[in-house]
Structures are given as structure tokens and as C-alpha cells.
Amino acid sequence: MSLDLLKQQRDGLLCSMYNEGLLDQQFDQLLALQDADSPGFIEEVIKLFCQDSERILGELTKHMSQPVVDYTKIDAYVHQLKGSSASVGAQLVKCACINFRQACEENDKEGCMLALNMINNEYYHVRSKFEIMIQLEQRILAYSPKHQ
């Protein structure tokens, strides 16, 4: 497969992610930071986001399964996830976090559970697209003249 075709596939994937609302303009700013001196920047940022998100989602699931929910603690985790999501431009995850925080403020366990399910759905959707993007970036990097 040619370098141009790989770049077209990556660009098409990005376009679909923007069209679906998965990403916002913050991701554009991250893309602008990747250059020849830091070709793996986007991959590193995405991997850190995914590791952090999965840790937080695990904590949220654990705390939400308690008979008595500590909404202050839950809200702190959701706030962290919202910040991580916003920093990588994961717009739908960020929006789901906003809904979760609203349910926390209302001490609404059922609303929190619904919001947690939504966050999980949105996170795993964007993660699957990010995984494809990383694979394409790695192949592009391997085909690039500087790395042959």
C-alpha cells in the first residue's frame, strides 16, 4: 500500500470521527503539535488518554456498585475523565461526563448508572477509532522516507 493511500485512509477516518461528533477542534491542536521531530506524539497522547480513561472507568464502576454511593468521590473521578476527554478532543465522552456530573449533583444513582453506561459506550467507540488511527500512523511512519 502506498504512503499516499495510507494518508488518505487516515484523513478519511479523521473526517468520519469529526462528522460523528467524536472529536472536536482540540484534536486539531494536538495534530498540529506532531511533526518530524515528534512523529509518535499523537500515538503517545492517545495511549495515555486510554490508560487514564480505563483506570477512571474502573474506579467509577467499583464505586457505583457500592450500596452507599459517595457522590463527591464519583464526581471527582468524572471531573478527571471530563478533563482528559476535553484535552484530546473526545467530544462525546466529554458530553457524557457532563451528564454524569449533573446526576451526581442530584445524588441520582439511577441517573449516574445510565450516564456511566453512556460514558462507557462513547469511550469504547472513540477508543476503537483511535486504535485504527494509531495503526495507520504506525504504517505511515514506517513508509516515510526518513524511517526507511
Side-chain angles (χ1 to χ4, degrees), residues 1 5-142 144:
M1 185 172 295
L5 188 55
L6 287 169
K7 287 181 178 179
Q8 286 176 359
Q9 285 182 335
R10 179 205 51 208
D11 294 346
L13 175 65
L14 278 170
C15 186
S16 75
M17 291 175 79
Y18 284 110
N19 289 341
E20 288 179 55
L22 291 174
L23 297 177
D24 63 21
Q25 70 280 0
Q26 179 61 32
F27 195 77
D28 287 335
Q29 293 177 13
L30 291 176
L31 287 174
L33 295 174
Q34 181 165 288
D35 58 19
D37 294 331
S38 58
F41 177 75
I42 292 295
E43 180 179 352
E44 185 65 25
V45 169
I46 289 171
K47 284 182 177 182
L48 289 172
F49 165 70
C50 290
Q51 289 169 359
D52 194 42
S53 296
E54 289 179 27
R55 177 188 60 78
I56 293 169
L57 287 169
E59 289 295 325
L60 286 170
T61 301
K62 179 176 78 174
H63 288 288
M64 285 303 302
S65 68
Q66 299 299 313
V68 177
V69 175
D70 182 346
Y71 291 101
T72 303
K73 189 175 278 190
I74 293 289
D75 186 60
Y77 282 117
V78 176
H79 184 71
Q80 286 179 351
L81 184 58
K82 180 180 169 241
S84 294
S85 302
S87 70
V88 297
Q91 180 171 273
L92 292 179
V93 176
K94 179 184 75 175
C95 290
C97 288
I98 292 168
N99 291 336
F100 199 142
R101 291 194 77 195
Q102 181 65 40
C104 281
E105 288 175 14
E106 297 169 1
N107 293 340
D108 177 4
K109 187 169 184 174
E110 185 178 330
C112 285
M113 292 302 292
L114 289 171
L116 179 57
N117 286 334
M118 181 58 75
I119 288 174
N120 273 303
N121 291 339
E122 297 301 348
Y123 166 71
Y124 286 107
H125 186 203
V126 78
R127 186 187 81 170
S128 70
K129 301 280 185 158
F130 276 156
E131 287 171 348
I132 295 167
M133 184 186 308
I134 287 171
Q135 291 171 359
L136 288 168
E137 287 290 338
Q138 289 171 341
R139 292 176 70 193
I140 289 167
L141 187 59
S144 296

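Sequential numbering from 1 along the given sequence is applied to the chain's residues. Side chains are part of it too, since the values below use all heavy atoms of this structure and drop only hydrogens, waters and symmetry mates.
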Cut-off 3.5 Å, no hydrogens considered: what does the side-chain donor-acceptor table look like for residues 127-134, sequence neighbours left out?
| residue | atom | partner | partner atom | Å |
| --- | --- | --- | --- | --- |
| Arg127 | NE | Glu131 | OE2 | 3.4 |
| Arg127 | NH1 | Glu54 | OE2 | 2.6 |
| Ser128 | OG | His125 | O | 2.8 |
| Lys129 | NZ | Glu20 | OE2 | 3.1 |

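- Counting only heavy atoms from C-beta outward, the side chains of Asp28 and Tyr18 approach each other to under 4.5 Å.
- Note that SG of Cys50 and CZ of Arg55 are 13.5 Å apart. Values are rounded to the nearest 0.5 Å.
- Between Lys82 atom NZ and Ser87 atom OG the span is 12.0 Å, to the nearest 0.5 Å.
- Partners of His63 according to the side-chain contact (heavy atoms from CB on, under 4.5 Å) rule, which considers only residues two or more places apart in sequence or in another chain, are Glu59, Lys73, Ile74, Tyr77.
- Of all the heavy atoms in Phe49 and Ala90, the pair that sits closest is CZ-CB, 4.1 Å.
- A distance of 13.0 Å separates NZ in Lys47 from CD1 in Ile42, rounded to the nearest 0.5 Å.
- Without hydrogens or angle criteria, Tyr71 side chain to Lys109 main chain gives a donor-acceptor distance under 3.5 Å.
- Smallest separation of non-hydrogen atoms from Gln26 and Ala86: CG-O, 3.1 Å.
- Of all non-hydrogen atoms in Leu92 and Gly21, the two that sit nearest each other are CG-O, 3.2 Å.
- Checking Ile56, Leu114, Leu57, Asn99 one by one against Ile119, the side chain to side chain contact (heavy atoms under 4.5 Å, CB included) holds for a single residue, Leu57.
- Inspection of the Ser38 and Asp35 side chains reveals an N or O donor paired with an N or O acceptor under 3.5 Å.
- Shortest non-hydrogen contact noted between Leu22 and Glu122 is CD2-OE1, 4.4 Å.
- The existence of a salt bridge linking Arg101 and Glu105 is excluded, since no basic side-chain nitrogen approaches an acidic carboxylate oxygen closer than 4.0 Å.
- Between Gln91 and Asp24, the shortest heavy-atom distance links the atoms OE1-CB, 3.2 Å.
- Rounded to the nearest 0.5 Å, atoms SG (Cys104) and CD (Glu106) are 10.0 Å apart.
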Exercise for the section: Report the C-alpha separation of Phe100 and Leu81 in whole Å, then their side-chain angles, then the decisive distance to 0.1 Å, and conclude whether the side chain to side chain contact (heavy atoms under 4.5 Å, CB included) test is met. Expected result: CA-CA 11 Å; Phe100 199 142; Leu81 184 58; over 6 Å; no

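- Put simply, CG on Leu136 and CG on Leu141 are 12.5 Å apart, with the number rounded to the nearest 0.5 Å.
- Few gaps surround CE on Met64; more than 12 heavy atoms of other groups in view lie less than 6.0 Å from it.
- In this structure, SG in Cys112 is found 6.0 Å from CG in Asp108, a value given to the nearest 0.5 Å.
- The shortest distance between side-chain heavy atoms of Leu31 and Leu14 falls below 4.5 Å.
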